[in-house]
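Quick caveat, the model's predicted, so the values are computed rather than measured. So you know, we letter chains A, B, ... as the sequences are listed, proteins then strands, and number each from 1.
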Amino acid sequence: MKYIGLADCNNFFVSCERVFRPDLWGRPVVVLSSNDGAIVARSEEVKKLGVPMGVPYFKVRDELEKAGAKVFSSNFDLYSDISKRVMDTLHEELGVIYQYSVDEAFFTMEVKSVKEAKIELARLKTLIQKNVGVPLSFGLAPTMTLAKYASELEKRGSGVSVLTMKDWEVQRDTVSLSEIWGVGGATTQKMREHNLITVADFLSADNSRIEKIFGVNGTRLGSELRGIPAKMPENDEAQQKSIMSTRSFSKTTTSLAVLEEALAYHTARASEELRSSHSKAGKLSIMLGTNRHSEWVLQGATSESVLPYPTNDTIVLLREVERLARAIFVKDVPYKKAGVVLSQITADDHLQLDLFGSQQVSDNKLMSVIDTVNKNLGKDSITIGRARYKESWGSNHNFQSSRYTTSWSEIMRLR
DNA sequence: TCTGGGGTCCTAGGACCC
DNA sequence: TCTGGGGTCCTAGGACCC
């Protein structure tokens, strides 16, 4: 029978940090979000302390210190590299995989016997642990939603769980809907108002009632929970719909010049990524944000512009970004973040030519030279205009580990 | 003092058309 | 004392995920 599997790395960012700091296995470790704002990854030891996911760091700093926890700023260069190694191994061993996030991938598997499937996945788990160095868990079930649920079951145990319909039919009476993938806070609330608490409640409710209240998401959820796939892992490298680059500043600013520098930096980042995926964007948006927890919360602004023709040229985009920024900037507002979003993305080889053939279709030589130099000599060896990262508007990252695997100057030294 | 960033999908409602 | 209905397209915003 065909099953859907999920491979999910345990406490991924924490595990990545531990690969190069083996002394931290068994010790409480957390990783902070960008700007050292909130907790985004916790080791088992920290979860046991009761520190919740997503809590602002400053609220739990003392508690963590008392527990002797090690704190890291996020180090995405490191995490992406480790992620790539995990995904490469999964791909080699399982064939087609669908990478769902930096630390998760779905796949399909023909299961002849549960026992054999378990042995196979346990072997794979050991292999990744040995070759890459991070622990992961596998869940195998008839649908994506159930595979997700299954993967949680053995996180602290063997790390491999196969959920058959027979198992699930026994369990689902007591599983609460809020534990299910895709059911968040707002939906849980709404379900509660309709007296739907457990999976069994949901499944015994009338189909048309579910559809009326929860729309297509409701009917899909019902199907997935009955073991009939309503979502399938897609292996094709689907075109990304949007690319964004945004960051909070360590301190607020009221200077248009500073905001323009930050926006220029994000424009460079986003268009670089656009070029590396061999595509162009038809729409550009910028955002200036204020502190969400201050009286300025509503003073943020966004603005967008449909480009005359799709482009990935940093210079063209920079010009437009500057125009938009000047239009929405308000004097004396303390801005806390800035960002750029590129959307309406099309692959280079799928571009629509306009009727008069007047648009620029050739690749910009200057851009590809800059990309090549930066690839060979390191990030930002060449920047355009003001598009260079500056600490003056940068984020806090006070506990950052080395980029052990992606930067020669930060490689681990042995003596 | 200090509260992330990067995504996707769905829906409601307005503009516009015949 | 009367005020269509049906359709498309677009966008803003909500919800969710990791």
S.K.: Just by distance, do the side chain of R275(A) and the backbone of N312(A) share a donor-acceptor pair under 3.5 Å?
M.R.: yes
S.K.: Please tell me whether F76(A) and F13(A) form a close aromatic pair, meaning their ring centres lie under 6.0 Å apart.
M.R.: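 Between F76(A) and F13(A), the centre distance is under 6.0 Å.
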S.K.: Rounded to the nearest Å, what distance is computed from the NZ atom of residue K59(A) to the P atom of nucleotide dG4(B)?
M.R.: 11 Å
S.K.: Could you tell me the separation between the CE atom of M244(A) and the P atom of dG6(B), rounded to a whole number of Å?
M.R.: 7 Å
S.K.: Check whether any side-chain N or O of K148(A) sits under 4.0 Å from OP1 or OP2 of dC17(C), and answer yes or no.
M.R.: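 So the side chain of K148(A) is outside the cut-off, no N or O lying under 4.0 Å from OP1 or OP2 of dC17(C).
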S.K.: Given dT8(B), is OP1 or OP2 found less than 4.0 Å from the side-chain N or O atoms of S242(A)?
M.R.: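 So the side-chain polar atoms of S242(A) do come within 4.0 Å of the phosphate oxygens OP1 or OP2 of dT8(B), strictly under.
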S.K.: Given the rule in the side chain to side chain contact (heavy atoms under 4.5 Å, CB included) test, do L284(A) and T267(A) qualify, once you have shown the distances and angles that lead to the verdict?
M.R.: CA-CA 10 Å; L284(A) 162 72; T267(A) 308; 5.6 Å; no
S.K.: The side chain of R61(A) lies closest to which of these nucleotides: dC16(C), dT1(B), dC18(C)?
M.R.: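 Closest nucleotide to the R61(A) side chain: dT1(B).
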S.K.: Between dT11(B) atom P and K212(A) atom NZ, what is the distance in whole Å?
M.R.: 16 Å
S.K.: Which whole-number value in Å describes the distance from M53(A) CE to dC18(C) P?
M.R.: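 For the pair M53(A) CE and dC18(C) P, the rounded distance is 9 Å.
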S.K.: For dG4(C) versus dC16(B), give the span between their C1' atoms, rounded off to a whole number of Å.
M.R.: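 Result for the C1' pair: 16 Å, nearest Å.
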S.K.: Would you mind reading off the distance between K337(A) atom NZ and dC2(B) atom C1', rounded to a whole angstrom?
M.R.: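 Taking atom C1' of dC2(B) as the reference, NZ of K337(A) is at 16 Å.
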S.K.: Between D103(A) (CG) and dG7(B) (P), how many Å, whole number?
M.R.: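 So the two atoms are 16 Å apart, to the nearest Å.
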S.K.: OP1, OP2 of dG5(B) versus side-chain N and O of S34(A): anything below 4.0 Å?
M.R.: yes
S.K.: Would you indicate, yes or no, if dG5(B) has its OP1 or OP2 atom less than 4.0 angstrom from a side-chain nitrogen or oxygen of S248(A)?
M.R.: yes
S.K.: Would you tell me if any nitrogen or oxygen in the side chain of K336(A) comes within less than 4.0 Å of OP1 or OP2 on dG4(B)?
M.R.: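 So the side chain of K336(A) is outside the cut-off, no N or O lying under 4.0 Å from OP1 or OP2 of dG4(B).
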S.K.: Return the 5'-most residue of the pair V216(A), S245(A) with respect to DNA chain B, ranking by each residue's nearest nucleotide.
M.R.: S245(A)
S.K.: Give the rounded distance in Å between these two atoms: CG of N35(A) and C1' of dG6(B).
M.R.: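 Roughly 16 Å, once rounded to whole Å.
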S.K.: Tell me, with the steps shown, if E272(A) and R269(A) meet salt bridge (charged side-chain N to carboxylate O under 4.0 Å, His left out).
M.R.: CA-CA 5 Å; E272(A) 221 168 63; R269(A) 285 283 84 74; 3.2 Å; yes
S.K.: Please state how far atom CZ in R220(A) lies from atom P in dT8(B), giving the value in whole angstrom units.
M.R.: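 Computing the R220(A):CZ to dT8(B):P distance gives 16 Å.
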S.K.: Quick check against the 3.5 Å criterion: does S395(A) have a side-chain atom that pairs as donor or acceptor with the backbone of S250(A)?
M.R.: no
